[in-house]
Amino acid sequence: MKKTLLTAAIAAAAFGFGVSAASADTLENVKKKGFVQCGVNGAGLLGFASQDTAGNWSGLDIDLCKAVAASVFGDATKVKYTPLSAKDRFPALQSGEIDLLARNTTWTISRDTQLGFNFRAVNYYDGQGFMAKKSLGVKSALELSGAAVCVQTGTTTELNLADYFKANKMDYKPVVFEKQEEVDAAYDAGRCDVYTTDQSGLYAIRLTLKQPDEHVILPEIISKEPLGPAVRQGDDKWFDIVSYAHYAMVTAEEFGITQANVDEMLTSENPDIKRFLGEEKDSTIGPDLGVDNKWAYNIIKAVGNYGESFERNVGEGSQLKISRGLNNLWSKGGLQYAPPIR
Amino acid sequence: MAQDDAALSARQPARSVWYNDPYKRGIAFQAITAVVLVIAAVWMWQNTLENLKRANLTSGFGFLTSRAGFDIAQSLIEYSADASYLRALMVGLLNTLSVAAAGIITTTILGLLIGIARLSRNWLIRKLATVYVEGFRNIPLLVIIFFWYKGVLNALPNVRDSIVLPFSMVLNNRGFYFPAPVFGEGSGAILIALVAGIAGAVFYARWAKAKQMETGVRPPVFWVNIALVLLPPLLVFFAFGAPLTFDLPVAGKFNINGGSMIGPEFMSLYLALSFYTASYIAEIVRAGIVGVAKGQTEAAYALGLQPGRTMRLVVLPQALRIIIPPMTSQYLNLTKNSSLAVAIGYADLVAVGGTILNQTGRAIEVVAIWLAIYVSISLTTSLFMNWFNRKMALVER
Ligand SMILES: N[C@@H](CCC(=O)N[C@@H](CS)C(=O)NCC(=O)O)C(=O)O
């Protein structure tokens with residue numbers, strides 16, 4: 001809470017004193033300091049960014065941070081993480097405290113314009129849902145008129161919530177907190193009837209409740225939440241590097257390149273794969289992007305392709321067991337689609 | 001003439017450079033400081049605009065009239081997601097002011113009692129008061145707030161098992177619900193009657209005091225004033241056929257609906273602020289009382305005044321002169337500390353401002369609004385307390 005005031009004040013001061021770490025050339029900056037400063041989820045959102053007991057980070061967003069580091073340095077460990085709450089994340093990016101924000105953040109037009117950010121790659125297509133106690137006997141979000149709803153401030157969630165209830169002519173009592181831990185605790189203590197946030201978040205949060213089996217996630221999805229990395233406007237080179245870190249992972253999945261077989265693939269005769277992995281003679285795709293020609297190889301070697309990252313963090317290989325759904329490749333009925341690497 | 005001049009210059013000290021003259025030097029330093037300040041301010045201002053432009057951010061306060069889009073749980077005025085950001089800030093400000101006002105009243109009474117108890121001749125009372133002061137002064141306020149909040153949330157039952165109190169009052173971990181008065185036709189007249197009654201009581205009290213000064217006999221004030229204040233509104237109330245109904249809280253599907261409600265967020269913040277600040281006020285009160293010469297108490301006893309009256313009529317009025325100035329700081333502290341509300345989801349000025357900051361990205365504007373409002377609240381409180389201090393100061397005749 002005081003931290004927020006501080007972040008806001010620092011952001012304000014940063015503009016005032018022009019210590020402008022928000023230098024226009026982020027890549028140059030990152031290379032100079034030797035690591036990527038990545039803003040991630042502060043509360044620990046299982047599947048996106050969370051720490052194990054030894055302090056090692058993992059998650060879909062973490063993989064993206066690592067992919068960017070692998071692309072720039074050829075070394076996925078050259079990342080430092082800044083844990084951020086929903087409220088602190090934007091000032092942190094604006095003021096230049098972080099180089100990139102990969103924190104289950106929804107791409108919206110006002111964040112693209114008003115906040116001065118750039119979004120393009122979407123590493124998880126999500127939507128807002130509701131979770132309620134089973135004992136309430138609620139089957140649909142449309143039965144929620146009059147309920148007390150727990151929600152985290154500074155999110156698209158709180159705006160969608162207001163719109164959804166208004167559109168359906170229902171009433172509700174918002175119970176608003178700044179930190180996810182506080183929302184979780186309040187919901188667990190019965191301060192509210194319903195918890196609303198991105199559906200992936202609901203699955204993750206349900207696992208942390210006292211009795212996970214006593215809560216249901218309602219079928220309605222009330223919004224579109226394309227979650228993806230954000231960077232500051234006005235630095236197209238850096239923007240490209242970040243976007244293509246994700247696209248490389250998707251492309252690898254399309255080509256069937258995995259962390260395990262990427263070395264074998266280096267000898268592939270397929271011209272697409274050769275170009276992608278930097279094996280095509282005289283190709284300058286990497287240098288044109290501002291990184292090594294082996295950038296894609298480095299990424300896949302470090303974190304695997306998108307499908308692997310998905311299964312490991314949120315899919316069958318994880319506690320969350322979320323199905324690919326919208327996040328499947330476009331060729332398999334999903335929305336994940338990468339521009340051609342040529 | 002020439003002789004005179006020579007005599008004059010002889011008497012003057014040897015001519016020296018201007019910067020050795022403390023007066024001129026003072027002026028020079030002040031001028032330099034002022035120029036530096038102005039340059040710094042202008043530089044910061046331009047730098048800010050420049051940097052905002054470079055970060056592709058817009059600036060200005062125009063956004064305040066746009067639709068807020070988010071709901072606020074506790075509001076003293078009409079508010080919905082369709083209202084403007086400005087209105088949302090108003091809601092936050094009123095929430096800050098209401099918790100601060102309630103806190104200041106409670107903490108003053110509590111602090112006064114504990115401060116006096118610290119000097120009690122009763123060993124147990126004295127020690128209890130000491131434990132209170134040392135305890136609360138040494139626990140961080142945030143911990144106290146959490147203590148109350150978690151305490152309230154965990155100790156009170158869920159909605160379904162609400163505690164039902166007399167007069168349709170209900171208590172559960174979502175708040176304290178009580179009947180809300182609904183005023184019908186003629187309520188205005190009741191209010192007028194009440195104001196008239198109070199005015200009458202004030203006049204009567206003045207008259208009684210003058211009478212006492214003049215004759216030494218004190219007319220009955222207490223009971224007459226009670227009658228003056230209560231009777232007129234009551235009469236008007238019944239004359240209009242009792243235009244008052246109550247909106248009762250009733251159990252709905254999820255929540256208690258209707259009636260008025262005080263939420264656990266307000267409650268715990270209010271209690272924490274009051275209890276915490278009272279420990280400081282108690283010390284100020286104690287210092288004030290100890291600061292009054294002992295002879296005053298002895299003189300009062302010699303005149304036959306009881307200890308209670310001695311405290312009320314002789315010691316406290318003099319102690320107030322010592323108490324009021326540091327008290328102002330405590331009131332300001334309490335008000336500013338109320339911004340810890342964010343921790344428990346009470347929609348105060350900082351919480352609402354933070355949401356707006358986040359949704360619109362207007363960090364500088366929102367921080368500026370926070371600063372301006374807190375400075376105004378503090379200055380207003382100071383002005384009032386200074387006025388009160390002057391009024392209480394020794395009037396020399
Ligand atoms: N996608 C939404 C919501 C993101 C969000 O903040 N979700 C919450 C609940 S899942 C969260 O991650 N909180 C963690 C924290 O604040 O540390 C947005 O971008 O506004």
Side-chain angles (χ1 to χ4, degrees), chain A residues 1-2 4-5 7-9 11-12 14-18 20 22 24 86-91 94-95 110-111 113-117 136 143-148 153-155 158-159 161-163 165-166 172-179 182-183 185-186 189-194 232-234, chain B residues 43-45 47-52 54-59 63 68-73 80-82 142 150 153-154 157-160 172-174 252-255 257 263-265 339-345 347 350-351 353-355 357-368 370:
Chain A
M1 48 255 71
K2 281 294 174 198
T4 310
L5 283 181
T7 325
F15 288 120
F17 292 106
S20 202
K87 224 166 122 177
D88 296 336
R89 59 186 157 166
F90 300 136
Q94 283 167 341
S95 64
S110 54
R111 290 172 180 178
T113 56
Q114 208 177 19
L115 299 193
F117 299 147
L136 284 173
E143 297 166 26
L144 289 178
S145 191
T153 187
T155 55
E158 72 178 332
L159 305 179
L161 174 68
D163 290 350
F165 274 78
K166 189 174 156 71
Y172 73 104
K173 301 196 169 61
V175 181
V176 187
F177 295 93
E178 189 190 313
K179 295 234 171 341
E182 292 156 1
V183 194
R191 174 70 186 90
C192 50
D193 305 292
V194 197
R232 285 179 292 276
Q233 255 178 36
Chain B
W43 176 77
M44 265 186 71
W45 177 255
N47 216 24
T48 304
L49 291 184
E50 176 85 3
N51 277 328
L52 281 177
R54 196 140 29 101
N56 297 300
L57 297 174
T58 36
S59 54
F63 73 98
F70 58 89
D71 280 298
I72 300 179
S80 79
D82 289 331
L142 192 56
K150 306 277 156 167
L153 277 197
N154 291 324
N158 267 315
V159 211
R160 248 140 279 253
N172 60 41
N173 68 1
R174 294 191 189 169
K253 183 172 169 210
F254 293 103
N255 271 308
N257 296 324
E265 289 81 20
S339 64
L340 286 172
V342 222
I344 52 166
V350 172
T355 304
L357 188 160
N358 198 269
Q359 299 291 7
T360 61
R362 305 299 177 96
I364 295 179
E365 290 83 345
V366 172
V367 171
W370 276 335

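In what follows, every chain begins at residue 1, and chains take the letters A, B, ... in the order their sequences are listed.
For T360(B), the parts lying near chain A are the backbone and the side chain together; criterion is any non-hydrogen pair under 4.5 Å. Only the side chain of N158(B) comes within contact range of chain A, with heavy atoms under 4.5 Å apart. Looking at L144(A), both its backbone and its side chain come within 4.5 Å of chain B, counting heavy atoms on both sides. With a 4.5 Å cut-off on non-hydrogen atoms, D82(B) touches chain A through its side chain but not through its backbone. Of the atoms belonging to Y172(A), it is side-chain heavy atoms, and not backbone ones, that fall under 4.5 Å from chain B. With a 4.5 angstrom heavy-atom cutoff, E265(B) touches chain A only via side-chain atoms. Residue contact with chain A, scored on non-hydrogen atoms closer than 4.5 Å, is absent for A347(B). Both the backbone and the side chain of D193(A) come within contact range of chain B, judged by heavy atoms closer than 4.5 Å. Heavy atoms of A341(B) lying under 4.5 Å from chain A are absent altogether.
Taking both residues in full, the closest heavy atoms of V342(B) and E182(A) are given as O-OE1, 4.3 Å, listed atom of the first, atom of the second, then distance. Minimum heavy-atom separation, K150(B) to A185(A): NZ-CB, 4.4 Å.
Expressed to the nearest 0.5 Å, how far CG of N51(B) lies from CD of Q94(A) amounts to 12.0 Å. For the atom pair OG1 of T153(A) and CZ of F70(B), the computed distance is 7.0 Å after rounding to the nearest 0.5 Å.
Between Q359(B) and the options K87(A), E158(A), Q114(A), R111(A), a side-chain hydrogen bond (donor to acceptor under 3.5 Å, both in side chains) holds for only E158(A).
A donor-acceptor contact shorter than 3.5 Å is absent between the side chain of R89(A) and the backbone of N358(B). Checked by atom type and distance alone, the side chain of K253(B) never pairs as donor or acceptor with a backbone atom of A147(A) at under 3.5 Å.
Per-residue heavy-atom pair counts under 4.5 Å with chain B were compared for V194(A), T155(A), T113(A), V183(A), and the maximum is reached by T155(A). Of all the listed residues (A368(B), A81(B), G263(B), P264(B)), the one sharing the greatest number of non-hydrogen pairs under 4.5 Å with chain A is P264(B). For the options F90(A), F117(A), F177(A), F165(A), heavy-atom pairs under 4.5 Å to chain B are most numerous at F177(A). Chain B forms the most heavy-atom pairs under 4.5 Å with one residue out of A189(A), A86(A), G190(A), and that residue is G190(A).
Remark: D71(B) does not engage K173(A) in a salt bridge, criterion side-chain N to carboxylate O under 4.0 Å.
Two residues are said to be in side-chain contact when any heavy atoms from C-beta on lie closer than 4.5 Å; R160(B) and L136(A) meet this criterion.
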